[in-house]
Undergrad: 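Let me begin by handing over the structure; questions about it come next.
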Amino acid sequence: MTQDELKALVGQAALDFVPEGAIVGVGTGSTVNHFIDALAGVKERIVGAVSSSDASSARLRAHGIPVLEAQAVQRLPVYVDGADEIDGSGFMIKGGGAALTREKIVADLAERFVCIADQSKLVAVLGAFPLPVEVIPMAVAQLVRRFAALGGVATLREDMRTDNGLPILDMRRLSITDPLAMEAEVSQWPGVVTVGIFARHRASVCLLGTPQGVRRLDFAAT
Ligand code: 5RP
């Protein structure tokens, strides 16, 4: 099976986690695009979606699925999103598609985070994928120095702005052995809007696409 077929498999499987009458939290990326397409097949059974990006909102609306403002919602039963890396504890790196800030906001509203990914995303230790960090422009030089002090190499993602109009620094050469501690540390540096470590908002469940079918990983609540 191709990587895209594995993504389609888990996009479809995630429908099992969507309760009747729900407002569904929807992430961003090529795997989530498959989930959105699958969701369209059951759209009469849901109230609508809260989306984590302009791209996902456009795709949801194109399918006739109502998109609600996050501000209008107090709680979501489920948030479905992809990941750039996920480890054996459900900790993730996200933001390869530049939607990390809104993704963390929508994840924070959700009772359950269902991560959907092809099997290549499962890693022993986070950090081979460059860690995205959405930042305030005037802080860039200082943040590059702070990451260098941790042994990382930060580069500005070229010619792009997030949906919030901000740049992204991609951090290479980090081995993230304590995701909770690193997320807490980097999050409080002045000028960091969002770091793409999802540790406090880790996955509750991961559906991994494999050639043998969907492999489900459950992560105990802390
Ligand atoms: C976007 C993300 C995506 O979930 C992540 O990049 C995975 O994308 P894909 O499903 O295309 O592999 O965090 O900001």
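Computed from a predicted structure; not experimentally measured. Ligands are counted one by one from 1 in listed order, and the atoms in each one are counted from 1 as well.
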Undergrad: Is any side-chain N of the basic residue among D170 and R157 closer than 4.0 Å to the acidic one's carboxylate O?
TA: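 A salt bridge is present here (some side-chain N lies under 4.0 Å from a carboxylate O).
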Undergrad: Looking at T31, which atoms of ligand 1 are within less than 4.0 Å of one of its heavy atoms?
TA: 9 (P), 10 (O), 12 (O)
Undergrad: Going by the order shown, which atoms of ligand 1 are within less than 4.0 Å of some heavy atom of T28?
TA: 1 (C), 2 (C), 3 (C), 4 (O)
Undergrad: Counting distance only, does the side-chain N/O of R215 pair as donor-acceptor with the main-chain N or O of T210 below 3.5 Å?
TA: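 Looks like no, no N/O pair under 3.5 Å.
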Undergrad: Using heavy-atom distances, let me know which of A83, C115, G29 sits nearest atom 7 (C) of ligand 1.
TA: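 Checking each option, the heavy atom nearest atom 7 (C) of ligand 1 is found in A83.
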Undergrad: Looking at ligand 1, would G27 count as a contact under a 4.0 Å heavy-atom criterion?
TA: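 G27: no contact with ligand 1 (<4.0 Å).
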Undergrad: Give a yes or no on whether R146 atom CZ has more than 12 heavy-atom contacts from other residues, nucleotides or ligands under 6.0 Å away.
TA: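 Count over threshold, so yes.
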Undergrad: Could you go step by step and tell me if D16 and R216 meet the salt bridge (Lys or Arg N to Asp or Glu O under 4.0 Å) rule?
TA: CA-CA 12 Å; D16 291 348; R216 174 174 168 165; over 6 Å; no
Undergrad: Taking only heavy atoms of K121, which atoms of ligand 1 are found under 4.0 Å from at least one of them?
TA: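 Here the atoms of ligand 1 in question are 7 (C), 9 (P), 12 (O).
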Undergrad: If you measure only the distance, is there a donor-acceptor pair under 3.5 Å linking the side chains of T162 and E134?
TA: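 There is such a pair (donor and acceptor under 3.5 Å, judged by atom type) between the side chains of T162 and E134.
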Undergrad: Closer than 4.0 Å to some heavy atom of D84 - which atoms of ligand 1 meet that?
TA: 5 (C), 6 (O), 7 (C), 13 (O)
Undergrad: Considering only residues two or more places apart or on different chains, which pairs with a residue in residues 40-93 satisfy ring-ring contact (aromatic ring centres under 6.0 Å, His included)?
TA: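 Listed by first then second residue: Y79-F113.
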Undergrad: Within ligand 1, which atoms have a heavy atom of A99 less than 4.0 Å away?
TA: 14 (O)
Undergrad: Just to be sure I read this right, does ligand 1 sit under 4.0 Å from the backbone of A98, its side chain, both, or neither, counting only heavy atoms?
TA: backbone
Undergrad: Tell me whether the count of non-hydrogen atoms from other residues, nucleotides or ligands lying under 6.0 Å of CD in Q188 goes above 12.
TA: yes
Undergrad: Which ligand 1 atoms, with their elements, are less than 4.0 angstrom from a heavy-atom of K94?
TA: 2 (C), 3 (C), 4 (O), 13 (O)
Undergrad: Hey, looking at atom 11 (O) of ligand 1, which of G95, S30, A55, G82 has the closest heavy atom?
TA: S30
Undergrad: Which of the numbered atoms in ligand 1 are under 4.0 angstrom from any heavy atom belonging to D81?
TA: 4 (O)
Undergrad: Counting only heavy atoms not in M160, do more than 12 sit closer than 6.0 Å to its CE atom?
TA: yes
Undergrad: Closer than 4.0 Å to some heavy atom of E103 - which atoms of ligand 1 meet that?
TA: 1 (C), 2 (C), 13 (O), 14 (O)
